[in-house]
Amino acid sequence: MHSRIRTFGEYRAAYKRSVEEPEAFWAELARRFSWKKPWDTTLEWNFAEPSIQWFRGGVLNISENCLDRHLQERGDKVALIWEPNDPTEASQKITYRQLHERVCRMANVLHNNGVGKGDRVCIYLPMIPELPVALLACARVGAIHSVVFAGFSSRAIADRIQDAACKLVITADGMCRGAKRIPVKEVVDEALQECPTVKRVLVAKRLHLDVAMKPGRDAFLDSELRKAAQKFEAEPMDSEDPLFILYTSGSTGKPKGVVHSSGGYMVYADYTFRNVFQYEEDDVYWCTADIGWITGHSYIVYGPLLAGATSVLFEGIPTWPDGGRFWEVVDKHRVSLFYTAPTAIRALMAAGPEDVERYKLSSLRVLGTVGEPINEEAWEWYHHYVGKGRCPIVDTWWQTETGGILISPLAGITPLKAGFATLPLPGVQPVLLDAEGTELAGRGVEGNLCIKFPWPGMLRTTWGDHERCRQTYFAPYPGYYFTGDGARRDEEGHYRIIGRVDDVINVSGHRFGTAEIENAINEHEYIAESAVVGYPHPIKGQGIWAYVICTPRAPGEEQLQAEVDELVSKLIGRIAKPDVVQVVPGLPKTRSGKIMRRILRKIAAGETDNFGDTSTLLDPEIVDTIKEGALVKL
Ligand code: ATP
Ligand code: MG
């Protein structure tokens, strides 16, 4: 069998085998790695408790598989290219051998500071080389990393540290994002006032700021590293030992501490990376996500390094110094595989084509997107301006909980359709269920997206609260993993994600996904972005409220409403016309760029407080602005 699929026929065959003989299928893929001891049973599972065990009895260390395993063949190959925030600062290339040494040193530092197997380490770092090094060093000593996106408030950090009872924090003095300088250490200090479990804080110097250091607790990372030995024997880990905890983005509620395993996650991250992007040895791969999200864990660090790839680590933002920054980096490092999010694409699209047309982008071969449904206009723009019409776009659907991509085209192999995540990867068995939990057979159906068989990368529990894991993912439809998303399977069997199940709007008995309506609204020449929600309507059951962000030349609200009506009527039908169109300066987004629709729903329903957990919002003030604008419409 091939671990790398090359044709659609091979995809079909691999998929069939993965369903008929899942254990043999995954065992064969797992044998690519170095195991200190082979596993006894490939899979044991039930979705009732739930209990999921892959490669039980197997002993390994994922950092050895990311680094040591490549030293002989790829020791001098570049593992990481670090591109700093400021284009005038020099980039850095780190080979596999150098990365190995840095990780070993960092592992010694952790060990010297009392961190051992099973301990939790909070990592709150900007996108600098110390960040991936810290992840791999935790893995090497057997500690469980919990990365907190370095943009979160001290409240959000404290919540996550307390939930996981972290013993040590790795952070930086400060960070830069675009023109901004952020005093990171101060934010951590504030959080730690409420975190008695934290005994040590290691501080990387990024801006060389004069930071307060608490005696006995805080130490600079560089001086600790100088004292550390260059070798570190990787801790033997059971396949099911937790590798990391990562909190979800909080789009739908309080973030959940998703726990991933060592062995299964490794096999899955590697397989999906190589196949979805159709990775080749000389590719330069760039995922623009932050390592603070699952996308960065699986597809900046673990997946690419397991595959022995060259992965770009970018510290900056897409719009600084100008809207051409991404494309400049692509040309500079000859990036061939490029993976980003619809929110970034829309932001760059709104800036106009001049910034992208200045660059050649001739090295690009494959484009990817993740995070939310991509509207057709953004897809076409990405395809035309970035991919120059020749690069396939992989629209990858997955979640923090799934560890890796579940539904996606394989680049250049699966036929593409804008807005479609297309087909499940081998090993993934999606089903669509109706409200009663009955599987919807055949094609041209729409329902709750669930998965009926385990895959190696799936979550094992939610930290400290297994019952929450059961309740959230396995109790809604007994016997299935429930994703929380709704999807449609079209006449060709391709999947289109239509948004969160909770976001489905029911107008006089007609059900609409938010993505579908937004997709139509976004076609408007002067609308950059939109978010629609349902709200209680006396006649229709639910009415549709559209919040739209306009570009400068947009007409007044009244005329805009008329034009949006016409557009939606034409593209979907009169029934889907928004009842209210509200022009807003921004949308309440999580720091990972997702719209928190639950807040917009509350505003549309006339509720003015009780917005629940908003700790992951990027700009909490926008909520008040939108609220004020809504009041005149209610
Ligand atoms: P929380 O679970 O706390 O509400 P979240 O679901 O936003 O947060 P993530 O795990 O980061 O946290 O996001 C996963 C979700 O993102 C998916 O369930 C889906 O709704 C959306 N998503 C991701 N990729 C895609 C995609 N390619 N197409 C459509 N939706 C996507
Ligand atoms: Mg979620």
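Below, all heavy atoms of this structure are taken into account, side chains as well, without hydrogens, waters or symmetry copies. Every number for a ligand or one of its atoms is a count from 1 in the order of the listing. Counting begins at 1 with the first residue of the sequence.
Only the side chain of Lys594 comes within 4.0 Å of ligand 1, counting heavy atoms alone; its backbone N, CA, C and O stay farther away. For Thr396, every heavy-atom contact with ligand 1 shorter than 4.0 Å involves the backbone, none the side chain.
Put simply, the residue from Phe482, Trp45, Phe47 that forms a ring-ring contact (aromatic ring centres under 6.0 Å, His included) with Phe474 is Phe47. Trp545 pairs in a side chain to side chain contact (heavy atoms under 4.5 Å, CB included) with only one of the listed residues (Val533, Ile603, Val532), which is Val533.
Within the listing of ligand 1, atoms 26 (C), 27 (N), 28 (N) sit less than 4.0 angstrom from a heavy atom of Asp395. Of all atoms in ligand 1, listed by their number and element, those nearer than 4.0 Å to a heavy atom of Ser251 are 1 (P), 3 (O), 4 (O), 5 (P), 7 (O), 8 (O). Set against the non-hydrogen atoms of Trp398, the atoms of ligand 1 under 4.0 Å away are 14 (C), 17 (C), 23 (C), 24 (N). Shown in contact with Thr400 at under 4.0 Å from a heavy atom are these atoms of ligand 1, numbered in order with element: 9 (P), 10 (O), 11 (O).
Atom OG of Ser311 is separated from atom OH of Tyr285 by 6.5 Å, given to the nearest 0.5 angstrom.
Scanning all protein heavy atoms for the shortest distance to atom 12 (O) of ligand 1 gives Ser249 OG, 2.9 Å. Scanning the protein for heavy atoms near atom 6 (O) of ligand 1, the closest one is Arg500 NH1, 2.7 Å. In terms of protein heavy-atom proximity, atom 20 (O) of ligand 1 is nearest to Asp485 OD1, 2.8 Å. For atom 4 (O) of ligand 1, the closest heavy atom belonging to the protein is Thr252 OG1, 2.5 Å. The nearest protein atom to atom 22 (N) of ligand 1, hydrogens excluded, is given as Gly371 O, 3.2 Å; this is a heavy-atom distance. Regarding atom 29 (C) of ligand 1, its nearest protein heavy-atom neighbour is Pro373 N, 3.1 Å.
Of the charged side-chain nitrogens involved, none lies within less than 4.0 Å of a carboxylate oxygen, so that Glu377 and Arg346 do not count as a salt-bridged pair. Residues Asp490 and Lys417 are paired through a salt bridge, judged by an N-O separation under 4.0 Å between the basic side chain and the carboxylate. A salt bridge is absent between Arg468 and Glu401: the closest approach of a Lys/Arg side-chain nitrogen to an acidic carboxylate oxygen does not fall below 4.0 angstrom.
Of the candidates Asp502, Thr616, Ile374, Thr248, it is Thr248 that places a heavy atom closest to atom 3 (O) of ligand 1.
By the 30° and 60° cut-offs, the orientation of the rings of Trp26 relative to Tyr268 is tilted. Note on ring orientation: taking the six-membered ring where Trp is involved, the planes of His260 and Tyr265 are tilted (angle from 30° to 60°).
Under a 4.0 Å heavy-atom criterion, Lys256 is in contact with ligand 1. Heavy-atom distances between Gly250 and ligand 1 reach below 4.0 Å in at least one pair.
Side-chain N/O atoms of Trp379 and Asp395 include no donor and acceptor closer than 3.5 Å. For Thr340 and Tyr382, the side-chain atoms include no donor-acceptor pair closer than 3.5 Å.
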